[in-house]
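Only a predicted model underlies this, so the values are computations on that prediction, with no experimental measurement involved.
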Amino acid sequence: MRSDTVTKGKQQAPHRSLFNALGLTPEEMERPLVGIVSSYNEIVPGHMNLDKIVNAVKQGVAMAGGTPIVFPAIAVCDGIAMGHLGMKYSLVTRDLIADSTEAMAIAHQFDALVMVPNCDKNVPGLLMAAARINVPTIFVSGGPMLAGHVKGKKTSLSSMFEAVGANAAGLISDEDLCEFENKTCPTCGSCSGMYTANSMNCLTEVLGMGLGGNGTIPAVYSARIRLAKQAGMKVMELWEKNICPRDIMTEKAVLNALTVDMALGCSTNSMLHLPAIAHEIGMDFEIDFANGISEKTPNLCHLAPAGPTYMEDLNEAGGVYAVMAELNKKDLLYTDCMTVTGKTVGENIKDAVNKDPEVIRPVENPYTPTGGLAVLKGNLAPDGSVVKRSAVVEEMLVHEGPARVFDCEEDAIDAIKGGRIVAGDVVVIRYEGPKGGPGMREMLNPTSAIAGMGLGSSVALITDGRFSGASRGASIGHVSPEAAVGGPIALVEEGDIIKIDIPNLSLTLAVSEEELEKRRQAWQPREPKVTTGYLARYAAMVTSGNRGAILTVPGK
């Protein structure tokens, strides 16, 4: 056992004395040491129930003959961090989580791990760590929040943000806004639509790192506790068979995840996290993969914010396995991939049934014949940009309009809420990329303001930052190269015509190459917004959005 390094032999007597100090018995030290990585805290609604999940995991591990030992991982609530300085610290925690988990697991020589995340950066951060550490590992998340109910309709966090825009436009009263505030988020759990947290928890099932139901069983259901106990028992089986993350998270598994991503209509943030996870297994992930997969993968789900269904509905309809079973009818998945169940993908989904064709469209009757995400390229985004195509209204799939240019999110929000953005405009928010932000802030406030003020079918938004999974509309993010490194988005001037053609995957600035070269020669890099602390180190090491905003050693 790996833990023999710290538990066996005379040289390890000092180590055992410290295990004695923890209250461990000799019998416990004889068993495999299983690290339970707990993302529990009291500030993130998706994490406030993880103490119960962790306790259930511990019971499962102990029942199956392991010794469970808990250590923590941090978590940021993107909703609470939204729209202010705190959002700069959201994406950057993904790497803190991966790095600190790697450090804890290797320093203490755990034999196996159970990852207990739930929200946006914890899931990919812990998947990255799992690939690095490569001991038998399983994931069990805290589960999604139930949808809220306002005036007889289901609601979610995106409804809340859009209500603020509607109130600013005089479309709803202060009393209505207060009702949204009090009823939109009714339970613990990751926010109830197909936002980033739920996207990544669902894709963890597809990658083979979580049991069936991991992405969809609501946080408040007792089935979630049972799932956690099963995960604790299952990790011991993985340890006995020596099935490790890199046996599961292969290139085929990553491509499966990207395929199901297209069918589910996941958050655009998956196009940051899947490349980062792929990087950890040595896979060169080009975001252009998305278009080839999208071309042959039908979009089967329109969960909020793209449509009126929620995670609880997807769970009742058969969950992620039912979506995979539909896709498998067209042979779109690699079914021979190993998973934490000890079985292959094909074995896992062979009995899955689509119980609600309104929530999961049959593969013969999709919402669209192509997938939920698209990568756009052109002279404005030579290295690519990402849009959640399934959440764009038809009239905005092709759009042309004048650029309204802002060098930070706050200035754009002031203009939108001040009525200075009108139908036809293309809002450009730059210097918000991984380096320029730094931290690549989500733009849920401006996209929600645009939608809430009734401009969602006539105004586009383009940024080198990124979007929340709760964003909808013609919101094009991850524009690469970013403005901070002199990408073309830095050269856009007020009034320039921008052409968006999502069906033809293009994003074009209607300015001659001669004029762009003149602007390029005149461009000067901006002074860094942050010069001290973690954000400054992050900005020095981070790559562009099209590479997943991974960290590299400067100069390499």
inquiry  = Checking the side chain of Asn269 only, and the main-chain atoms of Phe467 only, is there a donor and an acceptor separated by less than 3.5 Å?
reply    = yes
query = How far does CZ of Phe110 sit from OG1 of Thr67, to the nearest 0.5 angstrom?
reply = 10.5 Å
query = Would one find more than 12 heavy atoms of other residues, nucleotides or ligands at under 6.0 Å from atom CD1 of Ile43?
reply = no
Backbone of His302 reached by a side-chain donor or acceptor of Thr309 within 3.5 Å = yes
ask   = Do Thr216 and Asn315 have side-chain atoms, one donor and one acceptor, less than 3.5 Å apart?
value = yes
Donor on one side chain, acceptor on other, Ser158 and Tyr195, under 3.5 Å = yes
note = Residues Asp111 and Val135: closest non-hydrogen pair is O-CB, 3.6 Å
message = Whether the side chain of Arg246 engages the backbone of Ala131 through a donor-acceptor N/O pair (distance < 3.5 Å, no angle test) should be reported.
response = yes
task = Tell me yes or no: between the side chains of Asp261 and Ser270, is some donor less than 3.5 Å from an acceptor?
result = yes
Heavy atoms from other residues, nucleotides or ligands near NZ of Lys350 exceed 12 (cutoff 6.0 Å) = no
inquiry  = Pair Lys52, Arg224 - check side chain to side chain contact (heavy atoms under 4.5 Å, CB included), show working.
reply    = CA-CA 10 Å; Lys52 296 178 177 61; Arg224 177 64 55 178; over 6 Å; no
query = Does the side chain to side chain contact (heavy atoms under 4.5 Å, CB included) test come out yes or no for Met48 and Val44, once each step is laid out?
reply = CA-CA 6 Å; Met48 63 182 286; Val44 184; over 6 Å; no
inquiry  = As a test of understanding, state which of Thr297, Leu333, Leu332 forms a side chain to side chain contact (heavy atoms under 4.5 Å, CB included) with Val260.
reply    = Leu333
inquiry  = Using 0.5 Å steps for rounding, measure from the OG atom of Ser294 to the CG atom of Leu258.
reply    = 9.0 Å
inquiry  = Under a 3.5 Å threshold, yes or no: a donor from one side chain and an acceptor from the other, between Thr196 and Ser267?
reply    = yes
request  = Examine distances only and state if a side-chain atom of Asn354 and a backbone atom of Ile360 form a donor-acceptor pair shorter than 3.5 Å.
outcome  = yes
